[in-house]
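The structure appears below as structure tokens.
First listed ligand is number 1; within each ligand, the first listed atom is number 1.
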Amino acid sequence: MIGLRRRGLLAAAGAGALAACSPRPPGPQAIAGAQWHGVSHARGHRLREARHNGLPPAAITRRTDVLVIGAGIAGLAAARALQSEGIADIALLELEDTAGGNSRGHTLGAQRCPLGAHYLPVPGDAAPEVRGWLAEIGLMRHQAGRWIADERHLAHSPQERLFIDGAWHDGLLPPAEPGSATLAQYRGFAQRVAAAQRLGFAMPTQRAPWTPEHAALDALTFDAWLAREGLADRRLRWYLDYACRDDFGAGLGEVSAWAGLHYFASRHGFSAPGEGDGERDAVFTWPEGNAWLAERLAAPLGERLQPARTVLQVSETREGVLVRAFDERAQRHEAWAARAVLLCVPLFVAARLLDAPPDALREVLTRQAHAPWLVANLQLNAPLLDRLIGAPPAWDNVRYGSASLGYVDAGHQRLDPSPQPTVITLYWALPRAQRGALLEEAAPAWAQRVVDELRPLHPDLPDKLERIVLTRYGHAMSIPVPGLRSSPALAALAQASGRVRFAHADLSAYSVFEEAFTHGDGAGTKLARWLRAAA
Ligand SMILES: Cc1cc2nc3c(=O)[nH]c(=O)nc-3n(C[C@H](O)[C@H](O)[C@H](O)COP(=O)(O)OP(=O)(O)OC[C@H]3O[C@@H](n4cnc5c(N)ncnc54)[C@H](O)[C@@H]3O)c2cc1C
């Protein structure tokens, strides 16, 4: 990785000078002027209206061989797979104005920043589809029997730091004194993760075995499992809770023990401080987060990608599938006739679209729970001052004990060390009970909470804050609650055959790039082969 530790110190030193020139503290105006961005709830609600009031006749009918619905990572990967398999006549309908779903980006000032997903761990042997595509776009290469990632796109060092006991520490694991009870518990957890790795865990999850031991872990919460194992240390529990909220949108009291262990066992494992090789998983990242990847998946699709098309209904007919959509730009209803459809939308949306949702889909919906998320992009006119004690500014910056997940700095990958305006992005997986407040309360109220979250770390934040843009996800992702991953209904949906099939990260019970991409790629490939065989 590229060592850029010096930059943080330079930024901190230069920032004071820049802030001194600022004529007014812009923070209060920025909070008052905060705006919602990113997800169009009005378009989503069109679906509910269509179900209540029925649909008017379509103004136009269009035909295509295969229709992909939803241009998130799964839909984009599915469209790519269909094309690679020789199905050229496809259309991809997407509700939003741009493709990417939870992996979209934005520009604030001149700085690109993420609206959702912001990193991808370097994929291993279990993810040949993801790795194959990354090789195709030049991010990875196979050399002398090894896969090598292009370092320019890996998170620069320092990657992450934790604010605890009044100082910044390198890495996110709270420090533990030699000989302390905390260190002993870290070691105990490391041993259990190593044992779990022998059971078999993989990313994507479909490459791991599923044994009665996995099912037993999926039957209880991570919290209950930790209690059973006698792992009660406060620092360890905070760290594990943080990891679960970060990846699954819910804490260790909600996710299954299978999910909690999968987080570590499918990756680099877990090491107590001073043990293991001390290496962290290398991750790809860009200022705009995984939008960088989504944009590269979308570009080759050209006009096959049809954004601003809200799909309202999907009906199987004798000859194929009839889809009703609303063209948000032309403000007209349209009909699409296709031989087959891939539903690459969250499963609860798929259930609303289908005339006759299959029993497996209904069954999964009774088990699923969804995490609401808030993402805040804060445009700063100068870098934040940093306490010069402890670890220097990192890409990912987290406060111990905080309700939010901390922030990433979109300027971190810059090679120019001079202090510059930047955008920081705060992530907040909210308790489910706060979904109503997230959807109903005004943006400035949430902007104030965001600033209050960050002020203990950076008292100078309000002086540098130019603008806040907020994105709210009411149902951001499926939480891997106990019983969901082992549900036969979920497996049945992933294996669905026929003219209407599913591809979405939801099919893995939780949401990350590797899961979404592999489901999309697999569903697109299988559907193309089925259509060829049927022709
Ligand atoms: C805040 C946040 C941060 C995240 N961070 C990371 C991260 O750092 N790394 C990571 O790997 N993952 C992260 N994730 C997980 C992320 O969800 C996955 O990486 C991935 O983007 C999921 O892709 P998908 O295609 O399965 O789903 P989605 O992104 O849900 O895609 C579904 C698509 O369907 C569209 N759609 C829905 N309804 C309709 C309709 N009626 N008509 C037409 N289109 C419709 C949606 O607009 C969307 O584009 C994050 C998620 C969130 C919410």
Side-chain angles (χ1 to χ4, degrees), residues 38-41 43-48 50 67-79 91-104 114-121 123 127 130 155 203-204 245-249 283-286 289-291 293-294 297-298 305-314 323-326 328 342-350 352-354 370-377 396 405 408 425-430 471-478 502-508 510-521 523:
V39 176
S40 171
H41 293 276
R43 290 181 192 178
H45 287 152
R46 218 181 274 294
L47 240 131
R48 204 176 300 160
L67 201 58
V68 179
I69 300 176
I73 298 302
L76 292 167
L92 178 47
L93 306 188
E94 166 55 42
L95 174 147
E96 300 289 352
D97 292 340
T98 52
N102 287 350
S103 299
R104 284 175 300 140
L115 289 178
H118 50 295
Y119 70 94
L120 169 67
V130 178
M203 185 92 82
R245 286 184 289 127
D246 193 40
D247 243 33
F248 308 132
V283 302
F284 288 111
T285 191
W286 301 269
N290 290 5
L293 293 169
L297 269 175
L305 175 62
Q306 306 258 335
R309 293 279 189 322
T310 306
V311 173
L312 300 172
Q313 195 178 52
V314 175
V323 170
R324 292 295 306 269
F326 187 74
E328 303 285 349
L342 272 178
L343 278 164
C344 301
V345 292
L347 293 178
F348 76 92
V349 176
R352 285 186 194 158
L353 295 179
L354 283 166
H370 292 91
W373 278 66
L374 173 71
V375 177
N377 297 115
D396 194 8
L405 294 162
V408 294
T425 303
L426 177 108
Y427 289 88
W428 205 332
L430 292 158
T471 303
R472 55 186 162 178
Y473 299 87
H475 296 78
M477 54 179 71
S478 171
F502 306 89
H504 189 269
D506 273 12
L507 295 172
S508 296
Y510 80 109
S511 190
V512 291
F513 184 96
E514 300 91 317
E515 303 292 346
F517 187 97
T518 312
H519 282 300
D521 183 81

Task: Val345 neighbourhood, listing ligand 1 atoms whose heavy-atom distance to it stays under 4.0 Å - done: 34 (O), 36 (N), 37 (C), 38 (N), 39 (C), 45 (C)
Open item on the list: As an exercise, identify every atom of ligand 1 less than 4.0 angstrom from a heavy atom of Glu96.
Closed with: 47 (O)
Open item on the list: Distance under 4.0 Å to a non-hydrogen atom of Val375: what atoms of ligand 1 satisfy this?
Closed with: 1 (C)
Open item on the list: Below 30° counts as parallel, above 60° as perpendicular, anything between as tilted: where do the rings of His118 and Tyr427 land?
Closed with: parallel
Open item on the list: Testing the basics here: between Ala127 and Met203, what is the closest heavy-atom pair and its distance to 0.1 Å?
Closed with: CB-O, 3.8 Å
Open item on the list: For ligand 1, which is the ligand I care about here, please tell me if Asn102 has any N or O atom under 3.5 Å from one of the ligand's N or O atoms.
Closed with: yes
Open item on the list: Tell me whether the rings of His45 and His41 are parallel (<30°), tilted (30 to 60°) or perpendicular (>60°).
Closed with: tilted
Task: atom 51 (C) of ligand 1 - nearest protein heavy atom and its distance - done: Met477 CE, 3.4 Å
- [ ] Working to the nearest 0.5 Å, report the span between OH of Tyr119 and CG of Leu293.
- [x] 13.5 Å
TODO: Might you point out which heavy atoms bring Ser508 and His519 nearest each other, and give the distance in Å?
DONE: OG-NE2, 2.8 Å
Task: Distance-minimising heavy-atom pair for Ser103 and Ala117 - done: OG-CB, 3.5 Å
- [ ] Starting from atom 14 (N) of ligand 1, locate the nearest protein heavy atom and write down its residue, its atom name and how far away it is, to 0.1 Å.
- [x] Ala117 CB, 3.8 Å
Open item on the list: Among all protein heavy atoms in this structure, tell me which lies nearest to atom 18 (C) of ligand 1, with the distance rounded to 0.1 Å.
Closed with: Ser511 OG, 3.4 Å
Open item on the list: What I want to know is whether His504 and ligand 1 share at least one N or O pair that is separated by under 3.5 angstrom.
Closed with: yes
Open item on the list: Restricting to non-hydrogen atoms, name the atom on Pro114 and the atom on Asn377 that form the minimum distance, rounded to 0.1 Å.
Closed with: O-ND2, 3.0 Å
Open item on the list: Minimum heavy-atom separation for Asp521 and Ala77, please, with both atom names.
Closed with: N-CB, 3.9 Å
- [ ] May I ask you to check if ligand 1 and Tyr427 share an N or O to N or O distance below 3.5 Å?
- [x] no
Task: Trp373, portion touching ligand 1 at heavy-atom distance under 4.0 Å - done: side chain
Open item on the list: Just verifying a value: how many Å separate Ile69 CD1 and His504 NE2, rounded to the nearest 0.5 Å?
Closed with: 13.0 Å
Task: Atoms in ligand 1 flagged as close to Gly101, the criterion being non-hydrogen separation under 4.0 Å - done: 29 (O), 48 (C), 49 (O)
TODO: Please indicate whether any nitrogen or oxygen in Glu514 is less than 3.5 Å from any nitrogen or oxygen in ligand 1.
DONE: no
- [ ] With atom 25 (O) of ligand 1 as the reference point, say which of Gly38, Gly70, Ala74 has the nearest heavy atom.
- [x] Ala74
Open item on the list: Between Arg43 and Asp97, is the salt bridge (Lys or Arg N to Asp or Glu O under 4.0 Å) condition met? List the steps.
Closed with: CA-CA 11 Å; Arg43 290 181 192 178; Asp97 292 340; 2.9 Å; yes
- [ ] Do me a favour and list the nearest non-hydrogen protein atom to atom 9 (N) of ligand 1 with residue, atom name and distance?
- [x] Tyr119 O, 2.8 Å
- [ ] Go through ligand 1 atom by atom and flag the ones less than 4.0 Å from a non-hydrogen atom of Arg309.
- [x] 42 (N), 43 (C)
Open item on the list: Are any of the N/O atoms on Leu95, whether in the backbone or the side chain, positioned under 3.5 angstrom from an N/O atom of ligand 1?
Closed with: yes
Open item on the list: Does only the side chain of Leu47 get under 4.0 Å from ligand 1, or the backbone, or both, or neither? Count heavy atoms.
Closed with: side chain
Open item on the list: If the cut-off is 4.0 Å to any non-hydrogen atom of Val349, which atoms of ligand 1 fall inside it?
Closed with: 38 (N)
- [ ] Heavy atoms only: give me the nearest Arg46-Glu328 pair and the separation to one decimal.
- [x] NH2-OE1, 2.8 Å
TODO: Using heavy-atom distances, let me know which of Ala505, Ala516, Gly116 sits nearest atom 2 (C) of ligand 1.
DONE: Gly116
- [ ] Provide the number and element of each atom of ligand 1 under 4.0 Å from a heavy atom of Cys344.
- [x] 32 (C), 33 (C), 34 (O)
Open item on the list: Distance check, rounded to the nearest 0.5 Å: Thr310 atom OG1 versus Glu94 atom CD?
Closed with: 8.5 Å
TODO: Could you find the nearest protein heavy atom to atom 8 (O) of ligand 1 and give me its residue, atom name and distance?
DONE: His118 N, 2.9 Å
Open item on the list: Does any part of the side chain of Tyr473, heavy atoms only, come nearer than 4.5 Å to the side chain of Leu115, both counted from C-beta?
Closed with: yes
Task: Ala476 neighbourhood, listing ligand 1 atoms whose heavy-atom distance to it stays under 4.0 Å - done: 53 (C)
